[in-house]
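Notes for the one structure printed next.
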Amino acid sequence: MQEQVRHRAQQDEWADEVVACMGSRDMVERALREALSRTPSQREETIARMADALRGAAQGLSVPGCAAAAGVPERILREWLEIDASFAGALRAAHALAQAHGLRPGAEPTPAALHLLLDAIRKGAAWPAAATLVGISIRGFNRLRSEAPQVGALIAAAQRARPARTAPGGRRRLPKAGGTRPGYRIVRLDDPVLSPGGRPDPGVGAGGSGVGDFGPGDFGPDEAAGGPRRDG
């Protein structure tokens, strides 16, 4: 019995350390910006987030999952797809790469999907919403948690890591369940957001038939089935 308690404590400690490392990215980026002694431009910030979305697509995430991986609302990601033909084409290619290698929403969870799920829970999302975001059904989530004790420990650690909020009267409370909210950064607004040329290709955009016209089913079964939209 004591051995089980000790093992559980060690596992919880390990999980807390892993989840704590997930929050270090912004700290590292701030340190790098300070080292360069300048504020990043809007173009640099946008390209960095687009790269995160492309990485998510290459690992089988749907459009909502890619938006969450990039730290932006899905609405913003879809606007990028409509106005930036280069990004739209790159996202399609990244998703085609994932499909060619058997990575798709709803398949066996990948480290990228687990990272996104834990990050969403850590930032306040309810676990059913976080699971659906990465294409995992509620039943699949429960099975994963029961069959992989370390995953269960990580989920519990992510819930413990949620920042407490101060309620009226000075009382502390946990954030309400729901979607994650993106953070805000200071950027220099002297560069356009679009790819070189500053204008989308003809036929790209809402109602068009170009590479920017993404619709249900383009990025996995969760959207085709009416998966959750996370517009911020």
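Just so it is clear, the values below take in all heavy atoms, side chains as well, and ignore hydrogens, waters and symmetry mates. What you see is a predicted model, and the numbers here were worked out from it, not measured in a lab.
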Could you walk me through whether Arg160 and Val19 pass the side-chain contact (heavy atoms from CB on, under 4.5 Å) test, one step at a time? CA-CA 10 Å; Arg160 290 193 297 270; Val19 171; over 6 Å; no

After noting the C-alpha distance and the side-chain angles of Gln2 and Val5, does the key distance pass the side-chain contact (heavy atoms from CB on, under 4.5 Å) rule? CA-CA 5 Å; Gln2 290 182 345; Val5 172; 5.6 Å; no

Please determine whether salt bridge (charged side-chain N to carboxylate O under 4.0 Å, His left out) holds for the pair Glu82 and Arg78, giving the CA-CA distance in whole Å, both sets of side-chain angles, and the decisive distance to 0.1 Å. CA-CA 6 Å; Glu82 291 178 356; Arg78 290 190 179 276; over 6 Å; no

I'd like to know whether Leu117 forms a side-chain contact (heavy atoms from CB on, under 4.5 Å) with Trp127, so could you lay out the CA-CA distance, the side-chain angles of the two residues, the decisive distance to 0.1 Å, and finally the verdict. CA-CA 8 Å; Leu117 181 147; Trp127 65 260; over 6 Å; no

Val72/Trp80 under side-chain contact (heavy atoms from CB on, under 4.5 Å): CA gap, chis, key distance, verdict: CA-CA 11 Å; Val72 299; Trp80 290 347; 3.9 Å; yes

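One distance of note links CD of Glu74 with CD1 of Ile76; it measures 11.0 Å at 0.5 Å rounding. Annotation: the span from Glu147 atom CD to Asn142 atom CG amounts to 11.0 Å, rounded to 0.5 Å. Within the model, atoms CD1 of Ile155 and CZ of Arg122 stand 15.0 Å from one another, a figure rounded to the nearest 0.5 Å. For the atom pair CG (Leu61) and NE2 (His115), the distance works out to 11.5 Å, reported to the nearest 0.5 Å.
Inter-residue side-chain proximity for Gln42 and Thr46 is flagged as met; some heavy-atom pair is nearer than 4.5 Å. The side-chain heavy atoms of Glu45 and Arg49, taken from C-beta on, include a pair separated by under 4.5 Å. In this structure, Phe87 and Leu77 have side chains that are in contact, with non-hydrogen atoms separated by less than 4.5 Å.
Remark: of the listed residues Ile138, Ile136, Leu133, Ile138 is the sole one forming a side-chain contact (heavy atoms from CB on, under 4.5 Å) with Pro128.
Between Gln11 and Ala153, the shortest heavy-atom contact is CG-CB, 3.7 Å. Here the closest non-hydrogen pair linking Ala57 and Cys66 is N-SG, 3.4 Å. Nearest heavy atom pair, residue Ala157 against residue Asp16, reads CB-OD1, 3.3 Å. Residues Ala70 and Asp52 approach most closely at CA-CB, 3.8 Å, considering heavy atoms. In terms of heavy-atom proximity, Gln59 sits nearest to Ala112 at OE1-CB, 3.0 Å. Considering every non-hydrogen atom in both Ala98 and Ala58, the closest pair reads CB-O, 3.4 Å.
Between the side chain of Arg162 and the backbone N or O of Ile121, at least one donor-acceptor pair lies under 3.5 Å.
Each of Leu54 and Leu97 belongs to its own hydrophobic cluster when Ile, Leu, Val, Met, Phe, Trp and Tyr are linked at side-chain heavy-atom distances under 4.5 angstrom.
More than 12 heavy-atom neighbours from other residues, nucleotides or ligands sit within 6.0 angstrom of CZ on Arg145.
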